[in-house]
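Below: one structure, written as C-alpha cells.
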Protein chains: 2
Amino acid sequence: MESSLDNTMLALADPTRRAILARLEEGEARVTDLAAPFDISLNSVSKHIRILERADLVRRRREGREHFLSFNPAPLDDAAAWIEARRAFWTKRLDALERALVADDENNGRRKSK
Amino acid sequence: MESSLDNTMLALADPTRRAILARLEEGEARVTDLAAPFDISLNSVSKHIRILERADLVRRRREGREHFLSFNPAPLDDAAAWIEARRAFWTKRLDALERALVADDENNGRRKSK
DNA sequence: CCGATATTCATCCTTTTCGGTGAATATCAG
DNA sequence: CTGATATTCACCGAAAAGGATGAATATCGG
C-alpha cells in the first residue's frame, strides 16, 4: 500500500532534490546540467532524478543521447492539500480558543466540552 | 547539513505518521491511544512518534506514566511555503503561456482556439 | 510490597536511501 | 570505424527506516 503522497513527500525530503526542482523552474535541463552545481557524482544525481520521477514530479524527454527533464508540479497539489488541511484546522482551532476565552471572560463561567 | 525541512517532509512521508497527526487534531492522546487503530506494535508507533518529535510536529507532556502527545503545526509553515513557492511559479508560468498563445492568435488567426 | 499499566530501551531483521566506482549502452562528430 | 559524450546499469557500503520481540523502567492502585 504505497500512497503517491508518500512518494511525493519523500521526494521533497532531500535538499538536493528540492534544489533540482527549483532549478527546473528555469526550464528543461539535462542530467549533466542538473548535476553540475552539486558535489556528488553524476550517478547519484541520476538516482535522485529517478526518485523525483517515481513521484511524477519530473518528466523525461529523450532526444538522442540527451535526456531533458522538466518539472511537473501536479503532485504538489495533494501534498499542499494535506498540509493545508492540517493548518486550516489549526487556525480554526485557535480562533475557537480565542472565542472561548472571550466568552469565558464575559460570563466568567466554567465550561467543559465533549 | 540537515535541514529541518528535511525532517518535516520525511515525517510526512508515511501514512501512519500522517494518520497520527490527523488524529491529534482531535486533541491530546497517549501513545497507547495513538497506536490503537494500527496493526503494528506499540513499539513501532513509539518510533513513528519519535520521528514526528524530531520534526517538532509533535510535543510531549508527561503526566505520571502517561505521555500525552499534542500536535504542533508550526513546522508545516515552511513545508507549505516551499511547496507554494513552486506552485506559484507554475501558475505564473501557465499564465505567461496563455498570454503567448493569445498573442499568437492575434498575429495569425489560423490557430484553433479552445 | 505486588501486580498491572504505560512507555522506552536494546536488539535483530529486512528494505531503502544515499553516496561511491566501474562497466555497459547509445548516440554524436569526424 | 573511432573516439568522445550522455546516461544508465550493476555492484558495494554505510546509514536509516520500519517492523518485530523481549527486557527494563517508572508509575499507579491496592
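For the numbers below, each heavy atom of this structure counts, side chains included, while hydrogens, waters and symmetry mates do not. Quick note on labels: first sequence line is chain A, next is B, and so on, each numbered from 1.
- Distances from the side chain of B/H67 to the nucleotides C/dT8, D/dT8, D/dA6 place C/dT8 closest.
- Atom CD of B/E28 and atom P of C/dA6 are 16 Å apart (whole Å).
- Atom P of nucleotide C/dA10 and atom CG of B/L42 are separated by 17 Å, given to the nearest angstrom.
- Residue A/L52 contributes atom CG, which lies 10 Å from atom P of C/dC18 at whole-angstrom precision.
- Closest to the side chain of B/R60, from the set C/dT8, D/dT8, C/dT21, is C/dT8.
- Put simply, the side chain of A/L69 does not reach to within 4.5 Å of the side chain of A/R30, judged on heavy atoms.
- In this structure, B/I20 and B/F38 have side chains that are in contact, with non-hydrogen atoms separated by less than 4.5 Å.
- Taking the charged nitrogens against the carboxylate oxygens, B/R23 and B/D33 have no contact shorter than 4.0 Å, which rules out a salt bridge.
- Taking the side chain of B/S46 as heavy atoms from C-beta on, and the options C/dT7, C/dT8, D/dA6, the nearest nucleotide is C/dT8.
- The B/R65 side chain lies nearest to D/dC28 when the options are D/dC28, C/dT17, D/dG18.
- Considering only side-chain atoms of B/R54, the nucleotide from C/dT8, D/dA17, C/dG19 that sits closest is D/dA17.
- The CG atom of B/L10 sits 8 Å away from the P atom of C/dC18 (whole-angstrom rounding).
- In this structure, CD1 of A/I40 is placed 15 Å from C1' of D/dT7, rounded to the nearest angstrom.
- Contact check, B/H48 against D/dA17: no side-chain N or O comes under 4.0 Å of OP1 or OP2.
- Between A/I49 atom CD1 and C/dG19 atom C1' the separation is 15 Å, expressed in whole Å.
- Note on B/R87 versus B/E84: salt bridge recorded, some NZ/NE/NH1/NH2 to OD/OE distance being below 4.0 Å.
- At least one side-chain heavy atom of B/V58 sits less than 4.5 Å from a side-chain heavy atom of B/L21.
- Across D/dT8, D/dG19, C/dT7, the shortest atom-to-atom separation from the side chain of B/E66 is found for C/dT7.
- Between A/R30 atom CZ and C/dT27 atom C1' there is a gap of 13 Å when expressed in whole angstrom units.
- The base of C/dG19 is not paired with the side chain of A/D39 by any donor and acceptor separated by under 3.5 Å.
- Distance, B/R50 CZ to C/dC9 P: 6 Å, rounded to whole Å.
- Residue B/T32 is the one, among B/T32 and A/R17, whose nearest nucleotide of DNA chain C lies closer to the 5' end (criterion: closest heavy atom).
- The bend of the helix from C/dC1-D/dG30 to C/dG30-D/dC1, defined by the angle between the axes of its first five and last five pairs, stands at 20° to the nearest 10°.
- Both A/S41 and A/N7 sit near DNA chain C, but only A/N7 has its closest nucleotide nearer the 5' end.
- A/R61 and A/E63 are joined by a salt bridge, as a carboxylate oxygen and a charged side-chain nitrogen come within less than 4.0 angstrom of each other.
- Side-chain atoms of B/R62 do not come within 3.5 Å of backbone N or O of B/H67 as any donor-acceptor pair.
- You'll find the side chain of B/L10 reaches within 4.5 Å of the side chain of B/R54, heavy atoms only.
- Candidate nucleotides D/dA26, C/dG20, D/dG18 were compared by shortest atom distance to the side chain of A/S44, and C/dG20 ranks first.
- Applying the 3.5 Å distance criterion, the base of C/dT7 shares no donor-acceptor pair with the side chain of B/N43.
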